[in-house]
Number of protein chains: 2
Amino acid sequence: MTSSKPADALTIEQQICYAMHTTVRAFDAVYRELLAEHGLSYPQYIALMAIGEHGPLTVGALGELMRLDSGTLSPLLKRMEAAGLVGRTRDRADERRVLVALTDLGRDRLAGVSEVPRAIAARSGLTLSQLAELRSTLERLTATLETARP
Amino acid sequence: MTSSKPADALTIEQQICYAMHTTVRAFDAVYRELLAEHGLSYPQYIALMAIGEHGPLTVGALGELMRLDSGTLSPLLKRMEAAGLVGRTRDRADERRVLVALTDLGRDRLAGVSEVPRAIAARSGLTLSQLAELRSTLERLTATLETARP
DNA sequence: CACAATTCTGTTGTGCACAATTTGATAGTA
DNA sequence: TACTATCAAATTGTGCACAACAGAATTGTG
């Protein structure tokens with residue numbers, strides 16, 4: 001019962017899914033470590049930056065930016081609201097919408113994590129131009145993967 | 001209360017974490033779509049390939065390959081066992097260990113998803129050499145991120 | 001105006017992920 | 001032998017993710 005391995009068979013180590021998977025695990029661990037002292041999870045960190053940069057956002061607009069649906073964002077935002085980082089208010093103009101905005105504490109927290117990108121860049125061992133090129137590749141890849149969707 | 005944006009501030013769109021996050025979301029959606037008809041989740045697909053390629057594995061060894069701990073793998077493997085894809089047996093030589101191996105059905109299922117890597121490559125819009133280069137970059141990045149860990 | 005269709009958010013159920021702890025087995029040492 | 005330390009897997013608790021659905025508000029059409 002020896003396992004058969006044709007010469008043209010892709011081993012798991014040769015597949016893009018495995019490379020992406022292990023890289024994400026590694027990034028996740030480093031972000032977890034850097035964000036722990038700030039009381040933020042990785043998704044909360046991204047949400048904090050997105051809201052801070054794009055002002056008050058509806059849940060749907062934040063979901064488009066983060067590629068998450070309401071089933072993920074609603075409980076995540078409630079936890080951030082409970083932590084005092086964001087405020088959620090109904091949009092007067094359209095009562096179906098909920099506007100999410102940073103509180104003063106949220107802005108302070110955002111300022112407190114401003115050195116994280118630099119720390120991540122250092123940990124990655126890549127030069128700024130290598131990072132920029134990787135980012136560019138990932139952006140094109142994301143765009144292609146998303147356009148092919150039904 | 002206009003948001004202040006210094007010229008040197010990184011916008012979220014310029015950060016590697018955001019690019020990785022959106023790419024992972026996009027990959028996840030495509031894999032979910034391709035694997036749905038086979039009754040596999042993305043982590044289950046990776047586990048299936050890893051076990052099929054590296055023969056019977058302990059939970060710990062599979063965890064090293066997949067960068068997952070027992071808290072994630074135990075229930076995942078139990079679901080795969082319930083689906084008839086893998087068998088779990090205590091290692092006679094060391095009763096602390098559990099050996100995970102593919103069943104005949106698991107091998108059939110693995111053969112059934114053999115075209116997935118090619119489909120993913122096509123969806124990515126990248127050439128084989130571009131994919132290989134991206135994979136190489138990710139592998140080096142993963143190695144660096146993992147070595148810096150305490 | 002009435003009413004059907006659409007839009008937006010939230011809830012429920014299932015699966016994936018880790019930290020912390022528990023249970024059981026092995027190895028090492030007095 | 002007994003005692004400790006270590007190791008492997010499983011369990012528990014919390015958070016993140018989607019699919020499917022529910023409910024309220026808005027929009028479009030007659």
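Just so you know, these numbers come straight off a predicted model, no measurement behind them. Numbers restart at 1 for each chain; the letters A, B, ... are given by sequence-line order, proteins then strands.
- When heavy atoms are screened at a 4.0 angstrom cut-off, Leu73(A) is found touching no nucleic acid atom at all.
- Using a 4.0 Å heavy-atom criterion, one finds that Ser41(B) contacts the sugar-phosphate atoms exclusively.
- Between the side chain of Gln130(B) and the backbone N or O of Thr127(B) there is at least one donor-acceptor pair closer than 3.5 Å.
- Across all strands, Gly71(B) comes closer than 4.0 Å to base atoms (heavy-atom distances).
- Side-chain proximity of Thr72(B) to the nucleotides dT26(C), dA17(C), dA19(C) is greatest for dA17(C).
- Closest to the side chain of Val59(B), from the set dA10(D), dA24(D), dT11(C), is dA10(D).
- For the pair Tyr42(A) and Pro75(B), both in contact range of DNA chain D, the more 5′-proximal nearest nucleotide belongs to Pro75(B).
- With hydrogens and angles ignored, the 3.5 Å screen pairs a side-chain donor or acceptor of Thr147(A) with a backbone N or O of Thr144(A).
- In this structure, NZ of Lys78(A) is placed 16 Å from P of dT14(D), rounded to the nearest angstrom.
- Atom-to-atom, CZ of Arg88(B) to P of dA8(D) comes out at 17 Å; the value is rounded to the nearest Å.
- At the heavy-atom level, Ser70(A) lies under 4.0 Å from base atoms of the strands shown.
- Glu146(B) places no side-chain N or O within 3.5 Å of a backbone atom of Ala143(B) that could act as its donor or acceptor partner.
- Taking atom CE of Met66(A) as the reference point, atom C1' of dC18(D) lies 14 Å away to the nearest angstrom.
- With hydrogens and angles ignored, the 3.5 Å screen pairs no side-chain donor or acceptor of Arg88(B) with any backbone N or O of Leu77(B).
- Atom CG in Leu40(B) sits roughly 19 Å away from atom P in dT14(C) (whole-Å rounding).
- The nearest heavy atom of DNA chain C to Asp91(B) and to Val98(A) marks one nucleotide each, and the one closer to the 5' end goes with Val98(A).
- Using modelled atom types, one side-chain atom of Glu53(B) and one backbone atom of Ile12(A) make a donor-acceptor pair closer than 3.5 Å.
- Below the 3.5 angstrom threshold, one finds no donor paired with an acceptor across the side chain of Arg97(A) and the base of dC8(C).
- Straight-line distance from the CG atom of Asp28(B) to the C1' atom of dA19(D): 13 Å, rounded to whole Å.
- When heavy atoms are screened at a 4.0 angstrom cut-off, Asp94(B) is found touching the sugar-phosphate backbone but no base atom.
- Each of Leu99(A) and Arg25(A) lies near DNA chain C, and the nucleotide nearest Leu99(A) is the one positioned closer to the 5' end.
- Atom CD in Glu33(B) sits about 15 Å away from atom C1' in dA19(D), given to the nearest Å.
- Here the side chain of Ser136(A) pairs no donor or acceptor atom with the backbone of Ala132(A) at under 3.5 angstrom.
- For Arg96(A) against dT7(C), a side-chain-to-base donor-acceptor contact under 3.5 Å is present.
- With rounding to whole Å, Leu68(B) atom CG is found 17 Å from dA8(D) atom P.
- Across all strands shown, the partner of dG30(D) is dC1(C), judged by Watson-Crick or G-U wobble contacts whose two distances both fall under 3.5 Å.
- Atom pair Glu95(A):CD and dA25(D):C1' shows a separation of 8 Å (rounding to whole Å applied).
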